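Structure first, then comments.
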Amino acid sequence: MVFSTVMYSGAGQFLGITLVSGGVPLLVSVITLVAMALRHVIYGPTVLKAAGADARTRFAPFWGFWLTDEVFGAALGELARGQRFSERFMAGLGFGAWAAWGSGTLLGALAGGGALAAYPAVEAGLGFMLPALFLALLLSILSRAQVPVIAVAGLVTTGVTLAGSPTAGILLGMLAGALAGLARKGAA
């Protein structure tokens, strides 16, 4: 529960546990997690840009804390479908996701690690649910211009990971995606 409260990032938690349990040095683990979390720095400004010039930001530190990948995707999707931006909307969306994450963590802690051992299909499905949710949200806001950037990031991440280094795969995939995005923006 403490980990889910302090580090409100499912991807960060999963990666952090993988890195530490895999014997990766603490400094490398911290740098990897910080690099991965840097994407959150652009979420708030991106949502505000989509919301328009009249978007209020008085309570941005509060709703900004809850701005995860999924909340970001859901917010952009709603704004694209005509939802009017409000800090109350953002706080409700974010708090709902945070409360669900905390409740799920508590339920998992109480149930124990082997709670679903008798149901391997359910266990496998739940393991895929978070990436599937993010993919569905991503697809709802994806434009054709973004596909090459995502493809570059995915291919580099997959290639380096299969070559033997998941940590380097994640870092190099993020870097390749960022560079591909900059190159695409420069060419436009």
Side-chain angles (χ1 to χ4, degrees), residues 1-16 30-108 129-154 157 170-171 173-188:
M1 279 304 298
V2 171
F3 198 28
S4 285
T5 303
V6 173
M7 178 184 249
Y8 179 47
S9 167
Q13 287 182 26
F14 293 132
L15 180 60
V30 168
I31 291 170
T32 302
L33 289 170
V34 167
M36 188 180 83
L38 284 176
R39 70 190 188 282
H40 293 276
V41 173
I42 63 167
Y43 284 177
T46 302
V47 167
L48 290 175
K49 182 179 177 186
D54 62 338
R56 296 186 57 203
T57 60
R58 182 174 170 195
F59 299 106
F62 298 105
W63 60 261
F65 171 76
W66 293 316
L67 200 51
T68 61
D69 298 336
E70 293 77 21
V71 171
F72 173 73
L76 285 185
E78 288 299 313
L79 290 170
R81 287 185 285 281
Q83 168 72 33
R84 187 172 178 273
F85 176 86
S86 75
E87 290 191 301
R88 180 174 287 175
F89 165 74
M90 290 301 299
L93 188 61
F95 179 76
W98 180 77
W101 183 259
S103 299
T105 299
L106 180 61
L107 183 62
M129 192 165 53
L130 194 59
L133 170 64
F134 182 69
L135 181 62
L137 292 170
L138 177 66
L139 292 174
S140 75
I141 60 171
L142 187 66
S143 71
R144 286 182 190 246
Q146 298 163 327
V147 171
V149 174
I150 294 169
V152 167
T157 300
I170 292 169
L171 288 174
M174 289 186 302
L175 180 62
L179 291 174
L182 287 173
R184 184 186 66 81
K185 189 171 185 169

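We number each residue from 1, following the sequence as shown. This is a predicted model, so every value here is computed, not measured.
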Checklist line | side chain to side chain contact (heavy atoms under 4.5 Å, CB included) partners of Ala35, counting only residues at least two apart | finding: Leu171, Met174
Next item on the list: Please report the closest heavy-atom contact between Met36 and Ser9, naming both atoms and the distance.
Entry: CE-OG, 4.5 Å
Next item on the list: Please list, chain by chain and in numerical order, all residues satisfying side chain to side chain contact (heavy atoms under 4.5 Å, CB included) with Thr46, sequence neighbours excluded.
Entry: Ile42, Phe72, Leu76
Margin query: Let me confirm one number: the CZ-CD distance from Phe85 to Glu78, rounded to the nearest 0.5 Å.
Written below: 13.5 Å
Item checked: Non-hydrogen atoms of Thr157 and Gly173 that approach each other most closely -> OG1-CA, 3.1 Å
Item checked: Exercise: identify the closest heavy-atom pair between Trp63 and Glu87 -> NE1-OE2, 2.9 Å
Item checked: side chain to side chain contact (heavy atoms under 4.5 Å, CB included) partners of Ala176, counting only residues at least two apart -> Val152, Val156
Item checked: For Thr105, all residues meeting side chain to side chain donor-acceptor pair (under 3.5 Å), sequence neighbours excluded -> Ser4
Checklist line | Pairing residues for Arg144 by the side chain to side chain contact (heavy atoms under 4.5 Å, CB included) criterion, not counting sequence neighbours | finding: none
Notebook entry, point to check: What are the two closest non-hydrogen atoms of Met90 and Leu67, and how far apart are they?
Noted result: CE-CD1, 3.6 Å
Item checked: Residues forming a side chain to side chain donor-acceptor pair (under 3.5 Å) with Tyr8, sequence neighbours excluded -> none
Check: Side-chain contact, heavy-atom cut-off 4.5 Å: Val71 with Tyr43?
Finding: no
Note to self: A side-chain contact here means heavy atoms from C-beta on lying under 4.5 Å apart; do Trp101 and Glu70 qualify?
What the structure shows: no
Checklist line | Set of residues satisfying side chain to side chain donor-acceptor pair (under 3.5 Å) with respect to Gln83, sequence neighbours excluded | finding: none
Check: For His40 and Asp69, which heavy atoms make the closest approach, and how far apart are they?
Finding: CE1-OD1, 3.9 Å
Note to self: Would you say that more than 12 heavy atoms from the other residues, nucleotides or ligands in this model lie under 6.0 Å from the CZ of Phe65, or not?
What the structure shows: yes
Next item on the list: Please identify each residue that fulfils ring pair (Phe, Tyr, Trp, His ring centres under 6.0 Å) with Phe95, with sequence neighbours left out.
Entry: Trp66, Trp98
Note to self: Looking at every non-hydrogen atom in both residues, tell me the closest pair between Leu48 and Ala55 and how far apart they are.
What the structure shows: CD2-CB, 3.9 Å
Item checked: Rounded distance (nearest 0.5 Å) linking atom OG1 of Thr32 with atom CD1 of Ile170 -> 7.5 Å
